[in-house]
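What follows is a single structure, written as structure tokens, with notes after it.
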Amino acid sequence: MAGAKVKVAVRVRPFNARETSRRAKCVIRMSGNTTCITNPKMPEDATKHFTFDHSYWSHTSEEDPQFASQRRVYQEVGRQLLLQALQGYNVSVLAYGQTGAGKTYTMSGGRGPGQRGLVPQLCEDLFAHVEREGSPELSFSVEVSYLEIYCERVRDLLAPRPQGALRVREHPLLGPYVPGLARLAVTSAGEIAQLVASGDRARTVAATELNARSSRSHAVLSIVVTQRRGEPGEKVSRISLVDLAGSERADAAGTRGTRLKEGANINKSLSTLGKVIAMLADAHKRGKPEFVPYRDSVLTWLLKESLGGNSRTAMIAALSPADINYEETLSTLRYADRTRRIRCHAVVNEDPTARLVRELRGEVARLRALLSQQGLPVDPPPPAPPPPPGAPEPPEPLPALSPAEALERLQETERLVAELNESWEQKLRRTEQLRREREAQLAELGVALREDGATVGVFSPKKTPHLVNLSEDPLMPECLLYQLKDGLTRVGQTDADICLSGPLVGTPHCVFRTCPRPSGEVLVTLEPCEGAETLLDGQRVTEPVELRSGQRLVLGRIHTFRFTHPEQARRDRERCAGAAGAPWGRFGVSLSCPPLRHQELPDRDACPQSVTP
Ligand code: ADP
Ligand code: MG
């Protein structure tokens, strides 16, 4: 079978304010499906022409009859894929292009009317379909996961609490997947929007260099739709919506040698994507199947099915119109042109869960047998359900596995079986639980949210020790509030967790060490670096000192902070209230209790009796 080609659309955005103010020239023209680009430095050179499935002219506004709106892009690219997903195919949309070219605008959209992007429109259409077609005979369930790939590390954007990078695994039956990635049950487009908003916040909360990070990371939103019409009669499809990292410095065509090298380091995933696309694009020329290096990067590994495999795929390449971006835009057009030649081989996923559960159970049995042969104690296998009549039992030989590997794979496979067997009600309950945990976590980080997930403000954390910036200079670029994380928080001019500029700030300047004691109390110590000017309640600090909530810190000449340790303040209040037998606590004892040595802390009686409010 020849397979369906990847659908490729290009889209050119309006000039931004900077381009307009600099009187940038538009180097792109479009006519029908064709896009032309002219080299601004050599206009006499031949204009280059490219033909795509769609060339979207969004450089002007609604009044222009040629103008391509968000609605049109969705109708022609997104809606088609949604319909295919509802037939049971895997589908994916990749937004490609240089930073600032309009990838996020096309996928997520802007805030104004008519600016909603492809993703929210697709979600709404999906649930409208569910509403229309769902019945006692035909049930739909929708689950969502959202991850980010940054510097080849996968981060779960929907995890209830911050966690380390996740690994990508290849399961012999499932293909590449991320063990432990949260997959949340949803019942409306609004819920997906909320999850995405909270995931995006997780992205920005963690970012130190906000723009640098979001332009260098890939965001992959997966929506898994399961339709059940009795037994058998199940269709599962995965909709992958990918907002790729900025393509600058990752031109895999290799037209610019040094830039390619640099790009490969900064963003291995994007350069491998280019390589994979080039190989897939030329695959039909060579006639014989060739090794495609999917596993060379996390992104291509995870998108293996979307690129050359079991998926219907579209790419939207975002273009900048401005003459100064000519080189990047030309390279985006070439990339998009190569992508057009890829063919995918999509098949409808009929009854995958039942088959998968059967096959995974088979694997559990084989792994258990292998482990008990090797003398490792394993629980007796659960009684296997009889295979349905006529179902071929795949005799999958196990590769040579060490006992540790076999045990790990057994645990993983058992978890997968349990996940697949989970009922819809259980999934909804788990999702609700995760949502609450995540909100508590964000609240703890000091971020307040509206119902729709938009951030409404930042307030002091309830537990985490932090520094409140008391400096009055409104022009100072520093934050109002810095959290002191577990372990070390380094302060300095550069290369620090808290970067401060200005006179007498050293590199490094000081370190905050946060460590929990067995009692559960958290101690924060300030360790000044040699020669750096640090004052605590007006006294110069030259050696490590334990901090008490409410103390004032001056770092360098101009940075003044109040150290706040909410838990410690609360404990002190309770201790003092208990000791004095009076409700002094509510007046804020952290100001009136003299600093204590931490050895004395757990002891209630150590608090002075003569506290006055
Ligand atoms: P990217 O995600 O590729 O880095 P963005 O989508 O953030 O780029 O777009 C950069 C800026 O251009 C944003 O302010 C966005 O609102 C604007 N923009 C991008 N594409 C369009 C468009 N088609 N119409 C109007 N504004 C756009
Ligand atoms: Mg973006």
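Note that ligands are numbered from 1 as they come in the structure, with each ligand's atoms numbered from 1 the same way.
Using the six-membered ring where Trp is involved, Phe140 and His129 have ring planes that are perpendicular, over 60° apart on the 30 and 60° scheme.
When every heavy atom of Thr332 is checked against every heavy atom of Ala317, the shortest pair comes out as CG2-CB, 3.8 Å.
Contact check for Gln121 versus Gln70: side-chain heavy atoms found under the 4.5 Å cut-off. Using a 4.5 Å heavy-atom threshold, the side chains of Tyr89 and Ser237 count as separate.
Using a 4.0 Å cut-off between charged side-chain N and carboxylate O, Arg334 and Asp337 make no salt bridge. Between Glu170 and Lys304 there is a salt bridge, with a side-chain nitrogen of the basic residue lying less than 4.0 Å from a carboxylate oxygen of the acidic one. Look at Lys268 and Asp296 and you find no salt bridge, because none of the NZ, NE, NH1 or NH2 atoms lies under 4.0 Å from a carboxylate O.
No heavy atom of Gly110 sits closer than 4.0 Å to any atom of ligand 1. At a 4.0 Å cut-off, not a single heavy atom of Met107 sits close enough to ligand 1 to count as contact. Heavy-atom distances between Gln98 and ligand 1 reach below 4.0 Å in at least one pair. Distances from ligand 1 to the non-hydrogen atoms of Gly97 include no value under 4.0 Å.
When the heavy atoms of Ala318, Gly100, Ser320, Gly102 are ranked by distance to atom 19 (C) of ligand 1, first place goes to Gly102.
A donor-acceptor pair under 3.5 Å links the side-chain atoms of Glu152 to the main chain of Ser269, judged by distance alone.
What sits closest to atom 6 (O) of ligand 1 on the protein, heavy atoms only, is Tyr105 N, 2.7 Å. The protein heavy atom nearest to atom 7 (O) of ligand 1 is Thr104 CB, 4.1 Å. Among all protein heavy atoms, the one lying closest to atom 12 (O) of ligand 1 is Arg13 CD, 4.0 Å.
Note that atom 14 (O) of ligand 1 has no protein non-hydrogen atoms nearby, at separations under 4.0 angstrom. In this structure, atom 21 (C) of ligand 1 has protein heavy atoms in its sub-4.0 angstrom surroundings.
By the 3.5 Å distance cut-off applied to N or O atoms, Thr106 is not counted among the residues near ligand 1. At under 3.5 Å, a nitrogen or oxygen of Lys103, whether backbone or side chain, sits near a nitrogen or oxygen of ligand 1.
No more than 12 heavy atoms of other residues, nucleotides or ligands sit less than 6.0 Å from atom CZ of Arg23.
Close contacts between ligand 1 and Ser58 involve ligand atoms 23 (N) [criterion: under 4.0 Å to a heavy atom]. Ligand-side atoms of ligand 1 in range of Thr99: 4 (O), range being under 4.0 angstrom from any heavy atom.
Residue contacts with ligand 1, taken as heavy atom pairs separated by less than 4.0 Å, involve Arg11 solely via side-chain atoms from C-beta onward.
The aromatic ring centres of His54 and Phe52 sit 6.0 Å or more apart.
The nearest N, O or S atom of Thr104 is closer to the Mg ion (ligand 2) than 2.8 Å.
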